[in-house]
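First the structure, in the form of structure tokens, and then the observations on it.
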Amino acid sequence: MADAPTRPVLLTGAAGNLGRVLARELAAQGWTLRLTDLSPFPDPLPPRATFVRADLNDGAALRPLAEGCGAILHFGGVSVEQPFETVLGPNLRGLHHVYEAARREGIRVVFASSNHAVGFHERPQGNAAKLDVDCAFRPDGFYGLSKVYGELMGRLYWDKHGVENVNLRIGSCVAEPAEARMLGTWLSFADLVRLVAAAVTAPRSGHCVIWACSDNPGGFWARDHRQRIGWQPQDSAEAYRARIAGKVSGNPVVERYQGGSYTAIDYSRAAPSPGDPFALD
Ligand code: NAI
Ligand code: 15L
């Protein structure tokens, strides 16, 4: 385990599912955290942590929170597919506020991107080549598009201002994988915490993008920049195969416009249907 950072670390989205895990686990490793969210923090405050309620839309509120920090963990915002107007404020304007705060402080951003930035790629099956992290962006909705914007904002701020950033293209980060698709996409909480710790404490990161999933043999993703921060996942969804193989989510969140109407796409499928007219795009 790397030493705790010497300066505080700002965590947005602290009251969310992943924010709460990170707040608890990083504090337990001796980190000093500044927590922020639009919603109240629902747990007892971890040792050394402070919490300030703020809206990502409000750049003036965010700026002082970053002052004196060593890094920003940006996990706040809309986290599922929503209409464009709902995504716009937190995920686009808010993201800009986070990067401006990082630029002023000269500190690294660790950004919670998502597999939905590339969600319309076919999922490789069998011996088909897996997706490298520099594959084309193929967002599967306005939410995924906001993650593309977030990653490219990181690209811009590194190229133009030297602001380092680590973009975690997270699969499905839940306590246990719940359906067949997560045999590929699952990221354990422990691997997430180790990933975030590596992303903050690595001596240099530049602009990098990492497939944030555990060491799942059923995964869809291959080469990325993990060596740069020295992270390797240690858990695997495979241990859950017997329980979840064949199980579908029943909770599709991606839709395609086809033949005059929208068709829901179940994330649990391993690949688009045979004969899918979009497959060769
Ligand atoms: P979540 O929805 O539980 O947490 C997001 C938090 O952001 C919430 O506490 C919410 O109150 C806060 N928030 C929303 N709008 C805000 C605003 N305008 N100002 C300030 N705070 C605001 O999501 P979760 O699961 O914790 O995910 C965290 C991050 O990781 C999100 O950015 C999500 O897109 C990303 N991610 C998560 C995955 C997962 O499997 N949980 C997978 C891929 C990406
Ligand atoms: C995400 O980006 C979402 O934040 C999360 O709620 C899940 O839907 C996850 O992706 C997933 O693809 O399983």
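In this text, all values refer to a predicted model and were calculated from it rather than measured experimentally. Each ligand, and each atom within it, is numbered from 1 in the order the structure gives. Numbering of residues begins at 1 and proceeds along the displayed sequence. Computation of the quantities below employed the complete heavy-atom set of this structure, encompassing side-chain atoms and omitting hydrogens, waters and symmetry-equivalent molecules.
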May I ask you to check whether W186 and Y240 place their ring centres under 6.0 Å from each other?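 Centroid distance Y240-W186: below 6.0 Å, so yes.
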
Results of ring pair (Phe, Tyr, Trp, His ring centres under 6.0 Å) for [X] - residues two or more places apart only:
{"X": "F137", "answer": "none"}
{"X": "F189", "answer": "none"}
{"X": "Y149", "answer": "none"}

Which one of C173, S172, G141 has a non-hydrogen atom at the shortest distance from atom 13 (O) of ligand 2?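 Nearest option to atom 13 (O) of ligand 2, by heavy atoms: S172.
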
Quick look: N115 vs ligand 2, heavy-atom contacts under 4.0 Å, and the answer is side chain

Nearest 0.5 Å please: distance from the CD1 atom of I170 over to the NZ atom of K147.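 Going from the CD1 atom of I170 to the NZ atom of K147 covers 7.0 Å.
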
Polar side-chain atom of D224 near backbone of R226 as donor-acceptor pair, under 3.5 Å: yes

Any non-hydrogen atom of G119 lying under 4.0 Å from ligand 2? no

Hey, is R181 one of the residues with a heavy atom under 4.0 angstrom from ligand 2? yes

List ligand 2 atoms under 4.0 Å from S79, heavy atoms only on the residue side.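 Within the 4.0 Å cut-off of S79, ligand 2 contributes 3 (C), 4 (O), 6 (O).
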
Please identify which atoms of ligand 2 are closer than 4.0 Å to at least one heavy atom of G171. 9 (C), 10 (O), 11 (C), 12 (O), 13 (O)

Verify same cluster id: L22, F51 (apolar side-chain graph, 4.5 Å):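 Shared cluster, yes.
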
Output the set of protein residues with a heavy-atom contact under 4.0 Å to ligand 1, ordered first by chain identifier and then by residue number.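 The answer is G13, A15, G16, N17, L18, D37, L38, S39, A54, D55, L56, N57, F75, G76, G77, S79, P90, A112, S113, S114, Y143, K147, I170, G171, S172, C173, counting any residue whose heavy atom sits under 4.0 Å from ligand 1.
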
Short side-chain donor-acceptor distance under 3.5 Å, D235 and S214: no

If the threshold is 4.0 Å, N to carboxylate O, is there a salt bridge linking R104 and E67?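 No.
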
